[in-house]
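Read through the structure below, which is laid out as structure tokens, and then see the notes.
Numbers restart at 1 for each chain; the letters A, B, ... are given by sequence-line order, proteins then strands. What's counted below: heavy atoms across the whole structure, side chains too, no hydrogens, waters or symmetry copies.
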Protein chains: 2
Amino acid sequence: MRLLLVEDTSELAHSILRALREEGHAVDLAPDAQTATEAMAVADYACVILDLGLPDGSGLEVLKARRRAGDRTPVIIATARDQISDRIAGLDAGADDYVVKPFDLHELSARIRAHARRAQGLPETRFRIADLEIDRAAARVWRDRTEIRLTAREWALFDALLGARGRVLGKTALEDALFAFDDAIEGNAVEVYVSRLRQKLGAQVIETRRGLGYIVP
Amino acid sequence: MRLLLVEDTSELAHSILRALREEGHAVDLAPDAQTATEAMAVADYACVILDLGLPDGSGLEVLKARRRAGDRTPVIIATARDQISDRIAGLDAGADDYVVKPFDLHELSARIRAHARRAQGLPETRFRIADLEIDRAAARVWRDRTEIRLTAREWALFDALLGARGRVLGKTALEDALFAFDDAIEGNAVEVYVSRLRQKLGAQVIETRRGLGYIVP
DNA sequence: CGCCGCTGTAAGGTTGGCGCAAGCTGGGCG
DNA sequence: CGCCCAGCTTGCGCCAACCTTACAGCGGCG
């Protein structure tokens with residue numbers, strides 16, 4: 001899914017960035033408040049991770065401004081252990097959750113998934129489609145009790161379609177969900193991954209609506 | 001509004017109960033998982049407050065079961081401050097929000113109001129015309145539970161007519177809606193698509209106003 | 001260093017929707 | 001009653017959208 005990491009460019013920022021990308025997320029990095037504001041205005045993120053220790057210290061203002069504009073994108077704030085007052089201020093400003101630095105990356109990504117799913121209005125995490133058993137929280141798929149292994153990108157695409165289940169997702173919407181700004185995709189990558197998913201999951205799971213996009217019905 | 005408080009019968013439970021009732025809510029109290037399940041099956045609550053510290057510890061199972069059954073009632077879970085893993089498990093199970101005990105009663109009631117409102121305000125994107133079920137947001141149409149597949153152009157034309165429901169749309173207005181400037185249409189394309197739509201959807205759905213245009217009454 | 005799996009690009013094959021055209025239907029008016 | 005023209009319907013060739021396979025680059029891991 002498409003994420004925004006608001007963090008000054010440090011060693012830590014890049015290790016978070018890499019970990020999230022390895023999980024198949026498309027992550028944009030915003031090193032300061034202004035970049036973050038612009039990015040949130042342009043792209044539709046599934047979740048925003050907001051570090052309150054920005055150089056100009058105005059991370060909270062970014063959040064408040066977006067909330068005032070009616071934006072409900074899930075925001076998880078990251079604070080240092082001793083900045084309890086920051087945490088409370090963050091929740092007051094409209095944050096959905098917080099993690100304490102240094103945080104466990106698995107915990108962070110679990111929270112990201114949970115909040116993104118809830119924002120989509122489809123909180124069920126385990127369900128069936130055709131002959132497939134799907135666990136969105138665990139990012140796993142089974143048929144006949146045996147797991148079908150998906151790569152990070154394959155799952156990312158499938159998850160995006162699941163999040164819009166019953167609705168058609170245009171190819172550009174999928175590209176936005178899968179690729180960050182600086183990935184600069186240029187080709188038929190989406191079609192390729194749809195093809196690969198159909199080989200693994202069965203041709204009927206993802207339908208093509210020619211000229212419109214794809215849908216999991 | 002009608003609320004359900006799932007909480008073992010303690011001092012705390014009753015003070016929450018009293019506070020919510022003083023705000024004018026109709027609150028049912030369920031002291032254990034079984035009572036809660038029965039209550040949710042029978043009544044239509046605006047919001048459910050679910051304590052995870054139940055004696056039999058199965059609060060999460062109640063939630064999961066309701067979500068599996070397709071119930072979207074907003075659920076706010078209450079956890080102790082140190083039970084972070086509970087919180088994530090709760091969100092994964094389909095909770096909409098959580099509060100940390102001991103919580104401020106005003107905060108709780110504010111969240112109840114917010115979630116109840118959001119659940120109510122689901123945009124009514126789905127409606128019926130004659131024997132058709134139509135979802136404009138999803139760009140899909142059904143008759144007798146089976147989907148009628150429309151092509152991109154067919155849907156574009158139908159959607160334009162739906163957007164002007166009850167008014168007559170002239171042929172030129174429809175051409176403007178369907179074709180970009182540089183497409184330079186020159187033929188009877190609109191009539192062709194009206195014909196195809198009538199074949200798929202039924203002749204009575206789109207009426208012709210001779211010399212004026214078309215209308216979905 | 002070599003192997004392997006994942007990723008995105010490229011190239012060729014396939015297909016379904018698109019819109020034109022041509023003939024038909026029927027409402028309305030003299 | 002009969003003509004005329006707006007609208008209806010069907011067939012069809014074309015082409016963009018889509019599918020599939022192959023491949024090269026890259027990074028992780030032993």
Would you mind classifying the nucleic acid contact of [X] as base, sugar-phosphate or nothing, using non-hydrogen atoms under 4.0 angstrom?
{"X": "A:Q199", "result": "sugar-phosphate"}
{"X": "A:V194", "result": "nothing"}
{"X": "B:R210", "result": "base"}

What is the distance, rounded to the nearest whole Å, between atom [atom1] of [X] and atom [atom2] of [N]?
{"X": "B:L197", "N": "D:dG7", "atom1": "CG", "atom2": "P", "value": "17 Å"}
{"X": "B:E207", "N": "C:dG27", "atom1": "CD", "atom2": "P", "value": "14 Å"}
{"X": "A:H25", "N": "C:dC6", "atom1": "NE2", "atom2": "P", "value": "17 Å"}
{"X": "B:E154", "N": "C:dG19", "atom1": "CD", "atom2": "P", "value": "11 Å"}
{"X": "A:E186", "N": "C:dG8", "atom1": "CD", "atom2": "C1'", "value": "10 Å"}
{"X": "B:L150", "N": "C:dC18", "atom1": "CG", "atom2": "C1'", "value": "15 Å"}
{"X": "B:L174", "N": "C:dG19", "atom1": "CG", "atom2": "P", "value": "14 Å"}
{"X": "B:R198", "N": "D:dC8", "atom1": "CZ", "atom2": "P", "value": "5 Å"}

Is the charged tip of B:R136 near the ring of B:F127: under 6.0 Å from the six-membered ring centre and within 45° of its axis? no
So, do A:I129 and A:L162 sit near enough that their side-chain heavy atoms are less than 4.5 Å apart? yes
Heavy-atom check, side chain of A:L157 versus side chain of A:Y214, under 4.5 Å: no
Just to confirm, is there a sub-4.0 Å distance from OP1 or OP2 of [N] to any side-chain nitrogen or oxygen of [X]?
{"X": "A:T208", "N": "D:dC18", "value": "no"}
{"X": "B:S195", "N": "D:dT9", "value": "yes"}
{"X": "A:T151", "N": "C:dT7", "value": "yes"}
{"X": "A:R153", "N": "C:dC6", "value": "no"}
{"X": "A:K171", "N": "D:dA17", "value": "no"}
{"X": "B:Y193", "N": "D:dT9", "value": "no"}

Toward the 5' end of DNA chain C, by each residue's nearest nucleotide, A:N188 or A:R196: A:R196
Should B:R209 and B:E207 be marked as a salt bridge (charged side-chain N to carboxylate O under 4.0 Å, His left out) after you check the CA-CA gap, both sets of side-chain angles, and the distance that decides it? CA-CA 7 Å; B:R209 294 299 158 88; B:E207 288 183 8; 2.9 Å; yes
Salt bridge flag under 4.0 Å for residues A:E107 and A:R111: yes
